[in-house]
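Only one structure is covered here, and it is reproduced in the block below.
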Number of protein chains: 2
Amino acid sequence: MSISSRFAVAIHILALLDINKEGRNTSEFIAGSVNTNPVVIRRVIGLLGKAGLVHTSPGVGGASLARPPREINLLDVYRAVQNDPPGELFAAHDNPNPKCPVGQNIQGTLETVFKQAESAMENELAKVTLDQIIFDLVRGDR
Amino acid sequence: MSISSRFAVAIHILALLDINKEGRNTSEFIAGSVNTNPVVIRRVIGLLGKAGLVHTSPGVGGASLARPPREINLLDVYRAVQNDPPGELFAAHDNPNPKCPVGQNIQGTLETVFKQAESAMENELAKVTLDQIIFDLVRGDR
DNA sequence: GTTATTGTAACTACAATGGTTACAGGTGGT
DNA sequence: ACCACCTGTAACCATTGTAGTTACAATAAC
């Protein structure tokens with residue numbers, strides 16, 4: 001299955017928080033841009049807050065970036081909203097038969113390969129900062 | 001969510017088909033090694049067959065590798081069993097608001113980044129052949 | 001204090017997955 | 001030709017993750 005759209009929504013939110021940093025970024029306003037329900041936005045912001053990417057406060061307009069956009073990369077965001085623990089993008093099958101030479105060793109073998117593939121993906125995400133995303137968004141708007 | 005365990009099961013099956021190429025690889029036998037239901041095995045073999053990685057025939061013990069293990073890499077296997085079309089490991093959110101500068105351009109921006117990350121992962125998978133997997137399995141058995 | 005907004009719980013609908021049973025149809029040995 | 005075995009596939013179920021929605025107590029700003 002594919003990676004949840006929370007990731008895309010989270011990037012959208014963060015970009016909006018920076019671009020509209022002068023305005024009041026209520027969950028309803030953000031939901032209007034993302035085109036979803038305000039509660040969905042609040043849930044994602046909650047995850048971003050727990051990860052230390054945004055500061056939140058109850059009451060009015062309570063979210064803002066916790067760091068400058070240059071210091072937030074997409075791997076930070078990915079990890080914040082992807083609740084699967086790191087190293088588990090790929091799922092191994094459980095309990096292969098230990099009496100079989102394949103079953104006995106397959107998990108260790110796969111783990112190595114899976115970790116490499118996952119790391120390669122994450123390294124690409126880590127290369128891209130929120131800064132660059134925002135630049136690209138604004139540029140596209142001309 | 002994580003990538004379905006069909007991928008791990010498929011690799012297991014292919015390795016077993018090669019290692020036990022002298023024996024009768026019935027779906028029940030393979031299921032014993034993978035530790036699942038024979039129908040699950042037949043389903044995965046069906047996908048591998050459609051992708052041209054194995055030859056299958058109804059009746060007894062009907063699956064064998066269609067190519068030598070050196071000519072099968074894990075990206076082949078991944079694509080065979082992952083029914084999501086390529087380029088959609090990451091899901092974008094639909095219908096962002098076109099009236100908003102962020103909503104208007106976010107999809108194009110994300111598409112580029114997502115494709116890069118996905119490609120990086122797939123390149124790692126493409127580097128690993130079934131040959132190497134089998135070597136690693138057999139080596140671990142000593 | 002009143003109003004607007006957040007944080008969170010609860011519920012629903014939906015899709016993907018993996019396990020299971022069932023069975024029609026093909027294969028190979030005798 | 002017969003028979004035992006196996007495949008391919010459909011159908012169904014339970015589980016899980018996701019996203020949308022309603023509701024509401026708690027909190028901040030004015």
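Labels below follow one simple rule: chain letters A, B, ... track the order of the sequence lines, proteins then strands, and each chain is numbered from 1.
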How long is the line joining [atom1] of [X] and [atom2] of [N], in whole Å?
{"X": "A:H93", "N": "C:dT17", "atom1": "NE2", "atom2": "C1'", "value": "16 Å"}
{"X": "A:H55", "N": "C:dT6", "atom1": "NE2", "atom2": "P", "value": "17 Å"}
{"X": "B:R6", "N": "C:dG18", "atom1": "CZ", "atom2": "C1'", "value": "9 Å"}

Using a 3.5 Å distance criterion without hydrogens, assess whether the side chain of [X] forms a donor-acceptor pair with backbone atoms of [Y].
{"X": "A:N20", "Y": "A:N25", "result": "no"}
{"X": "B:Q132", "Y": "B:T129", "result": "yes"}
{"X": "B:N97", "Y": "A:G32", "result": "yes"}

Quiz item: In this structure, are over 12 heavy atoms from other groups packed under 6.0 Å from A:R70 atom CZ?
Solution: no
Quiz item: Does A:E71 CD have over 12 foreign heavy atoms under 6.0 Å away?
Solution: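 Atom CD in A:E71 is crowded, with more than 12 foreign heavy atoms closer than 6.0 Å.
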Who pairs with [X] by side chain to side chain contact (heavy atoms under 4.5 Å, CB included), at least two apart in sequence or on another chain?
{"X": "B:N123", "answer": "none"}
{"X": "B:L75", "answer": "B:N73, B:Y78, B:R79, B:E122, B:L125, B:A126"}
{"X": "A:S33", "answer": "A:H12, A:L16, B:C100, B:V102"}
{"X": "B:A66", "answer": "B:H55"}

Would you tabulate the nitrogen or oxygen pairs shorter than 3.5 Å linking the protein to nucleotides 7-10 of chain C?
unit_1: C:dG7; atom_1: OP1; unit_2: A:T56; atom_2: OG1; d: 3.3
unit_1: C:dG7; atom_1: N7; unit_2: A:R42; atom_2: NH1; d: 3.0
unit_1: C:dG7; atom_1: O6; unit_2: A:R42; atom_2: NH1; d: 2.7
unit_1: C:dT8; atom_1: O4; unit_2: A:R42; atom_2: NH1; d: 3.4
unit_1: C:dA10; atom_1: N6; unit_2: A:R43; atom_2: NH1; d: 3.4

Quiz item: In degrees, rounded to 10°, what is the bend between the two ends of the helix from C:dG1-D:dC30 to C:dT30-D:dA1, using five pairs at each?
Solution: 30°
If you look only at distance, which donor and acceptor atoms sit under 3.5 Å apart when one is on a side chain in residues 40-51 of chain B and the other is two or more places apart or in another chain?
unit_1: B:R42; atom_1: NE; unit_2: B:S27; atom_2: OG; d: 3.1

Got a list of side-chain donor-acceptor pairs under 3.5 Å for residues 108-119 of chain A, not counting sequence neighbours?
unit_1: A:T109; atom_1: OG1; unit_2: A:N105; atom_2: O; d: 3.2
unit_1: A:T109; atom_1: OG1; unit_2: B:D136; atom_2: OD2; d: 2.9
unit_1: A:E111; atom_1: OE2; unit_2: A:K115; atom_2: NZ; d: 2.8
unit_1: A:T112; atom_1: OG1; unit_2: A:G108; atom_2: O; d: 3.3
unit_1: A:E118; atom_1: OE1; unit_2: A:E88; atom_2: N; d: 3.4
unit_1: A:E118; atom_1: OE1; unit_2: A:L89; atom_2: N; d: 3.2
unit_1: A:E118; atom_1: OE2; unit_2: A:G87; atom_2: N; d: 3.0
unit_1: A:S119; atom_1: OG; unit_2: A:K115; atom_2: O; d: 2.9

Practice problem: May I ask whether B:V39 and B:V54 are part of the same hydrophobic cluster, defined by side-chain heavy atoms of I, L, V, M, F, W, Y residues being less than 4.5 angstrom apart, directly or through others? | Solution: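 Each belongs to a different hydrophobic cluster.
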Quiz item: chain A on DNA chain D: first and last contacting nucleotide, 5' to 3', under 4.0 Å to a heavy atom?
Solution: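 Counting from the 5' end, contacts occupy D:dT18 to D:dA28.
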Practice problem: Provide the closest heavy-atom pair for A:A63 versus A:L17 in the form atom of the first, atom of the second, distance. | Solution: O-CD2, 3.6 Å
Quiz prompt | Residue list, salt bridge (Lys or Arg N to Asp or Glu O under 4.0 Å) with B:K21, at least two apart or on another chain | solution = B:D18
Contacts under 3.5 Å, N or O only, protein and nucleotides 28-30 of chain C:
none

Quiz item: Given that B:N37 and B:Q82 both sit by DNA chain C, which one's nearest nucleotide is further toward the 5' end?
Solution: B:Q82
Exercise. May I ask you to list the residues of residues 7-34 of chain A, by number, that have any heavy atom positioned under 4.0 Å from an atom of DNA chain D?
Key: none
Practice problem: Kindly compute the distance separating CD1 (B:I106) from CD1 (A:I11), expressed to the nearest 0.5 Å. | Solution: 6.5 Å
